[in-house]
Amino acid sequence: MLKVFAKLIFSFMAVMLLLSVVNIGCSSRHFEQNQKDILEQPEKNGSEQHQKMGASAKPEGTSIFTVIELEDLEHPTLAASIQLPYRVGTNNTVILSGEHAYLTTEKHLHVIDVSLPQRPAYLTALEFPDKIGKVLASGEHLVVAGEKKFHLVDISQPLRPVLESTMHLPQQHGIKDLDVLEDHLYVIGVNDYLYTFYVPRGYAQLVRAVELSPRWWLFSPKADRPNVQQIEASKLERSPSGISEPLRSQSGFLQLRSSKNQKVRASPHCLVMEQIQNPMRSAQCDLLIYSAYTKGYDEQEKNEARFKYIFGKDFPAGGGIVATELYYVGAEGLHHLKAKEGNDPLKTKAGMTLTRGKPKIAYAVSAGEMQQITQYPPETIILNDKQLELPVGPVTDFQILDGLLYVVSANGFFSIRSLIAVENFLEGDDAQFLSVTPLQANRPISLAVAERFAYVLATPEN
């Protein structure tokens, strides 16, 4: 009996020992595989990892990417829209680089193929751990701003964007704004320093840090780049003398927010700023436009006459001229639409009627996939004759391209205006204001413009 019991005990212990060996072997192989996965993970494409994270998450809020066709500048049409299941903030932007549009939402960088703008194709998204805002293009890289850091993203393969590096300002100061010019990145810190970085190949190297003047207003690149000139503000001059030379020499301006927190857009011949107080009235204008003309006496003479027409004063003669012009989006837009009443059936007994735009085709993105969706009937707006301005709301973004100013306003309006049309303007014609287009019922946040198309990033929340 004892022998039988001993054999049973021995058999039981042998089986338990065998199971333990097998279990240890399996655990060892599982641990080795995990280590291998961890080591391989950085080699996998970053966009694939973040795309999966974005798809599995449950983002709150939505945003809208809209394509506007500009074949006829007087009658822009809404070509397409894509609804994204991600919330967009006031600091998010949309830009163009090659045949792709890149836009940011609260924590994602999105890539959209616009090689066929009427049929945009959503490609992928890259997720960031913290909130992001402005995005800029620098060669085959993007610079993406955060609150206290900026990221450099390789877009040599747009379908597979790769986060290459992340940088802080010294002492991790917060970031107010940034801009890219050639191989250099300019960053304004909350400590009122301007930091210049060299960013040739996806990595940023700090070149210099300059304390800002107490009266700084704008920045203009110097000939010995990356140095910049700090242009000081003046309460006495309508057109501060510091902006004349950059306009005449076509050295331009950095598109960094001014010391008064105004958006700045510039071309070689023009400078446009938002929400400037009209020096001749108590009212607030939407935009202030500075233009330089250096094409000889005839052009100068026209510009002097134009300045006198606007301000009722002679402009001092000599050299290149800087003209100051005020732009009231609502008032000019209403005047333009009233002028169309003779040709277009906009008038009813209740007042002027406008129909919000409806894209020819609309898509929605879900789990990283784009699907066509059914659209609601367009909304009709009725304006009473007693209204002095269109309910366009304040300007939210604007861009300059080829002598034209493109503007989006808070209540979902898109307008186009010529920056240079001296003869027609003096004759009292409305040739400068080309069109005003009601978009879908949304609040535009950012605008990007190409030769025949404009791209708007918006939130449906007005």
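Quick note: numbers below take in every heavy atom, side chains included, and nothing from hydrogens, waters or symmetry partners.
- Aromatic ring orientation, Tyr186 versus His184: tilted (interplanar angle from 30° to 60°).
- Leu457 pairs in a side chain to side chain contact (heavy atoms under 4.5 Å, CB included) with only one of the listed residues (Asn92, Leu447, Val408), which is Asn92.
- A salt bridge between Arg160 and Asp154 is absent, with no side-chain N of the basic residue lying under 4.0 Å from a carboxylate O of the acidic one.
- A donor-acceptor pair is defined here as one N or O able to donate and one able to accept, closer than 3.5 Å; no such pair exists between the side chain of Thr166 and the backbone of His151.
- Comment: Asp130 does not engage Lys107 in a salt bridge, judged by the lack of any side-chain N to carboxylate O separation of less than 4.0 angstrom.
- No donor-acceptor distance shorter than 3.5 angstrom exists from the side chain of Ser138 to the backbone of His141, with no hydrogens or angles considered.
- A cation-pi arrangement is found for Arg265 relative to Phe398, the charged atom lying closer than 6.0 Å to the ring centre and inside a 45° cone about the ring normal.
- Between Lys131 and Glu147 no salt bridge is recorded (no basic side-chain N to carboxylate O distance below 4.0 Å).
- Side-chain contact between Leu126 and Val111 is absent, with no heavy-atom pair separated by less than 4.5 Å.
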Do Asp113 and Ser115 pass the side-chain hydrogen bond (donor to acceptor under 3.5 Å, both in side chains) test, and can you show the C-alpha distance, the side-chain angles, and the key distance before you say yes or no? CA-CA 6 Å; Asp113 186 340; Ser115 55; 2.8 Å; yes

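- Between Tyr363 and Ile373 there is no side-chain heavy-atom pair separated by less than 4.5 Å.
- Between Phe150 and Phe197, the angle of the ring planes goes over 60°, which puts this pair in the perpendicular group of the 30/60° scheme.
- Side-chain contact between Tyr102 and Ile155 is present, with heavy atoms from C-beta onward closer than 4.5 Å.
- Looking only at side-chain heavy atoms (C-beta outward), Glu164 and Tyr203 come within less than 4.5 Å of each other.
- Between His173 and Tyr193, a ring centre-to-centre spacing not shorter than 6.0 Å is recorded.
- The shortest distance between side-chain heavy atoms of Val153 and Leu109 falls below 4.5 Å.
- Side chain of Ser63 to main chain of Val88: no donor-acceptor pair is present (N/O by atom type, distance under 3.5 Å, no hydrogens or angles).
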